[in-house]
Engineer: 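The structure that follows is given in the form of structure tokens.
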Amino acid sequence: MDKFIKPRMRMIDSQLISRGIKDERVLKAMEKIPRHLFVDEGLQDQAYADSPLPIGDRQTISQPYIVALMTEALELKRNDKVLEIGTGSGYQAAILAELADRVLSIERIASLADRARKLLEFLGYYNVLIRVGDGTYGWREESPFDAIIVTAGAPEIPKTYIEQLAVGGRLIVPIGDRFTQTLVKATRLSDNTEDIETKDLGGCRFVHLIGEYGWKG
Ligand code: SAM
């Protein structure tokens, strides 16, 4: 039996449900996905702790609660097409792949993208396409997206993401300075890219979104 089932169930109860995560599909996905496989062997015992963990290259796998909060806020439907910026370990992409038919993810560090690609393939997530590059440009050829999730902190909302959202599409992105950010949900309301509704989902702390429309290094 998987020795991580108990810690995973504890994570669901004590970190997610107790803090108000309600979407059964998000909870089921996080109950199913073996988060410990997305970190180095030496860190597996901490994989279900209430914190982010290092994944190499000075990057992190996000805290489980933040993953759940962002995913719930995306309001995914089965036939949605989703773009993730910042593949990292691939854990968030696996959760998206449980909830939506098509997941595209961009990572700027090739070694992380390679590792995530192999692991997602091993776990049978064939509906995730990962590419290496500067995700602040989005993925124009594949747009429009029903949802975009940015898992690194930006100084402001990159306009590329609003442009590549479908009308009615949802964007979740941490916005702030280099130290702390606010999780922002932006919903595109019409063809006009200025016509967006934004909502503040609370404070957070992410690694930097580095690129043309993010931090410059
Ligand atoms: N979603 C990831 C997971 O489930 O493990 C966690 C992502 S980690 C907090 C942020 C990631 O964003 C890092 O892997 C980093 O290399 C990546 N990143 C930063 N700027 C980027 C950019 N412009 N384009 C693509 N990826 C970027």
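Atoms within each ligand, like the ligands themselves, are counted from 1 in listed order. Computation of the quantities below employed the complete heavy-atom set of this structure, encompassing side-chain atoms and omitting hydrogens, waters and symmetry-equivalent molecules.
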Engineer: Report the nearest protein non-hydrogen atom to atom 10 (C) of ligand 1: residue, atom name, distance rounded to 0.1 Å.
Structural biologist: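 Answer, as residue, atom name and distance: Thr151 O, 3.2 Å.
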
Engineer: Does Tyr65 use its side chain to pair, donor to acceptor, with the backbone of Ile21 at less than 3.5 Å?
Structural biologist: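 Such a contact is absent between Tyr65 side chain and Ile21 backbone.
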
Engineer: Show me which atoms of ligand 1 lie under 4.0 Å from any heavy atom of Tyr91.
Structural biologist: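 Those atoms are 4 (O).
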
Engineer: Using a strict threshold of under 4.0 Å (side-chain N to carboxylate O), is an ion pair present between Asp146 and Arg170?
Structural biologist: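 No salt bridge links Arg170 with Asp146.
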
Engineer: So which protein heavy atom does atom 23 (N) of ligand 1 come closest to, and at what separation?
Structural biologist: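 Nearest protein contact, heavy atoms only, for atom 23 (N) of ligand 1 is Ile210 O, 2.6 Å.
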
Engineer: Do any heavy atoms of Ala93 fall under 4.0 Å from ligand 1?
Structural biologist: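 The answer is no: ligand 1 sits nowhere under 4.0 Å from a heavy atom of Ala93.
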
Engineer: Can you list the atoms of ligand 1 that are under 4.0 Å from a heavy atom of Gly133?
Structural biologist: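 The atoms of ligand 1 under 4.0 Å from a heavy atom of Gly133 are 24 (N), 25 (C).
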
Engineer: How far is atom 12 (O) of ligand 1 from its nearest protein heavy atom, and which residue and atom name does that atom have?
Structural biologist: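 For atom 12 (O) of ligand 1, the nearest protein heavy atom is Gly86 CA, 3.3 Å.
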
Engineer: Would you kindly specify which portion of Ile109 sits under 4.0 Å from ligand 1, judged on non-hydrogen atoms: side chain, backbone, both or neither?
Structural biologist: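 The part of Ile109 near ligand 1 is the side chain, not the backbone.
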
Engineer: Kindly say whether Gly153 contributes a backbone atom to a donor-acceptor pair with the side chain of Trp215 at under 3.5 angstrom?
Structural biologist: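 Checking the backbone N and O of Gly153 against the side chain of Trp215, a donor-acceptor pair under 3.5 Å is found.
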
Engineer: For atom 6 (C) of ligand 1, grab the closest protein heavy atom and report residue, atom and distance to one decimal in Å.
Structural biologist: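 Heavy-atom neighbour on the protein nearest atom 6 (C) of ligand 1: Thr60 O, 3.3 Å.
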
Engineer: How close does the nearest protein non-hydrogen atom get to atom 19 (C) of ligand 1, and which residue and atom is it?
Structural biologist: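 Protein heavy atom at minimum distance: His208 O, 3.3 Å.
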
Engineer: Distance only, no hydrogens: is a donor on one side chain within 3.5 Å (strictly under) of an acceptor on the other, for Gln92 and Thr71?
Structural biologist: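 On atom types as modelled, these side chains qualify, holding a pair under 3.5 Å.
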
Engineer: Any heavy atom of Thr87 sitting closer than 4.0 Å to ligand 1?
Structural biologist: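 For ligand 1, residue contact (heavy atoms, under 4.0 Å) with Thr87 is present.
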
Engineer: How far apart are the C-alpha atoms of Glu197 and Lys185, what are their side-chain angles, what is the distance that settles it, and do they pass the salt bridge (charged side-chain N to carboxylate O under 4.0 Å, His left out) test?
Structural biologist: CA-CA 8 Å; Glu197 177 186 84; Lys185 174 174 182 174; over 6 Å; no

Engineer: After noting the C-alpha distance and the side-chain angles of Asp50 and Arg19, does the key distance pass the salt bridge (charged side-chain N to carboxylate O under 4.0 Å, His left out) rule?
Structural biologist: CA-CA 12 Å; Asp50 192 13; Arg19 289 188 181 128; 2.5 Å; yes

Engineer: At under 4.0 Å between heavy atoms, is it the side chain or the backbone of Val207 that contacts ligand 1, or both, or neither?
Structural biologist: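 Side chain only.
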
Engineer: Output yes when a side-chain donor or acceptor of Asn127 lies under 3.5 Å from a complementary backbone atom of Asp101, and no otherwise.
Structural biologist: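 Confirmed, Asn127 side chain pairs with Asp101 backbone.
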
Engineer: Are Glu31 and Arg8 ion-paired here, with the side-chain N under 4.0 Å from a carboxylate O?
Structural biologist: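 A salt bridge is absent here (no side-chain N lies under 4.0 Å from a carboxylate O).
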
Engineer: Please compare Gln92, Arg108, Arg35 and report which has the shortest non-hydrogen distance to atom 4 (O) of ligand 1.
Structural biologist: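 Shortest heavy-atom distance from atom 4 (O) of ligand 1: Gln92.
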
Engineer: Looking only at protein heavy atoms, identify the closest one to atom 24 (N) of ligand 1 and say how far it is in Å.
Structural biologist: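 Minimum-distance protein heavy atom for atom 24 (N) of ligand 1 reads Gly135 N, 2.7 Å.
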
Engineer: Could you tell me if Asn192 and Ser190 have a donor-acceptor pair between their side chains, going purely by distance under 3.5 Å?
Structural biologist: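 Checked: Ser190/Asn192 side chains show no N/O donor-acceptor pair below 3.5 Å.
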
Engineer: I'd like to know if Glu98 pairs up with Lys32 as an ion pair, taking the criterion as any Lys NZ or Arg NE/NH1/NH2 lying under 4.0 Å from an Asp or Glu carboxylate oxygen.
Structural biologist: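 Salt bridge present between Glu98 and Lys32.
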
Engineer: With heavy-atom distances below 4.0 Å as the criterion, list the atoms of ligand 1 near Thr136.
Structural biologist: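 Counting atoms of ligand 1 from 1, those under 4.0 Å from Thr136 are 23 (N).
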
Engineer: Under 4.0 Å between a side-chain nitrogen and a carboxylate oxygen: does that hold for Arg117 and Asp114?
Structural biologist: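 Here Arg117 pairs with Asp114 in a salt bridge, since their nearest N and O are under 4.0 Å apart.
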
Engineer: Can you check which of Glu212, Gln59, Glu84 brings a heavy atom nearest to atom 13 (C) of ligand 1?
Structural biologist: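 Nearest heavy atom to atom 13 (C) of ligand 1 lies in Gln59.
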
Engineer: Please determine if Ala152 has a nitrogen or oxygen closer than 3.5 Å to a nitrogen or oxygen of ligand 1.
Structural biologist: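 No, no N or O pair falls under 3.5 Å.
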
Engineer: Identify the protein heavy atom lying closest to atom 14 (O) of ligand 1, giving its residue, its atom name and the separation to 0.1 Å.
Structural biologist: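 Answer, as residue, atom name and distance: Glu107 OE1, 2.7 Å.
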
Engineer: Any ion pair linking Glu141 and Arg131 (charged N to carboxylate O, less than 4.0 Å)?
Structural biologist: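 Yes.
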
Engineer: Counting from 1, what ligand 1 atoms have a heavy atom of Ser89 closer than 4.0 Å?
Structural biologist: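 Those qualifying, in numeric order: 3 (C), 4 (O), 5 (O).
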
Engineer: Please list, in number order, the atoms of ligand 1 under 4.0 Å from a heavy atom of Leu112.
Structural biologist: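 Numbered from 1, ligand 1 contributes 14 (O).
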
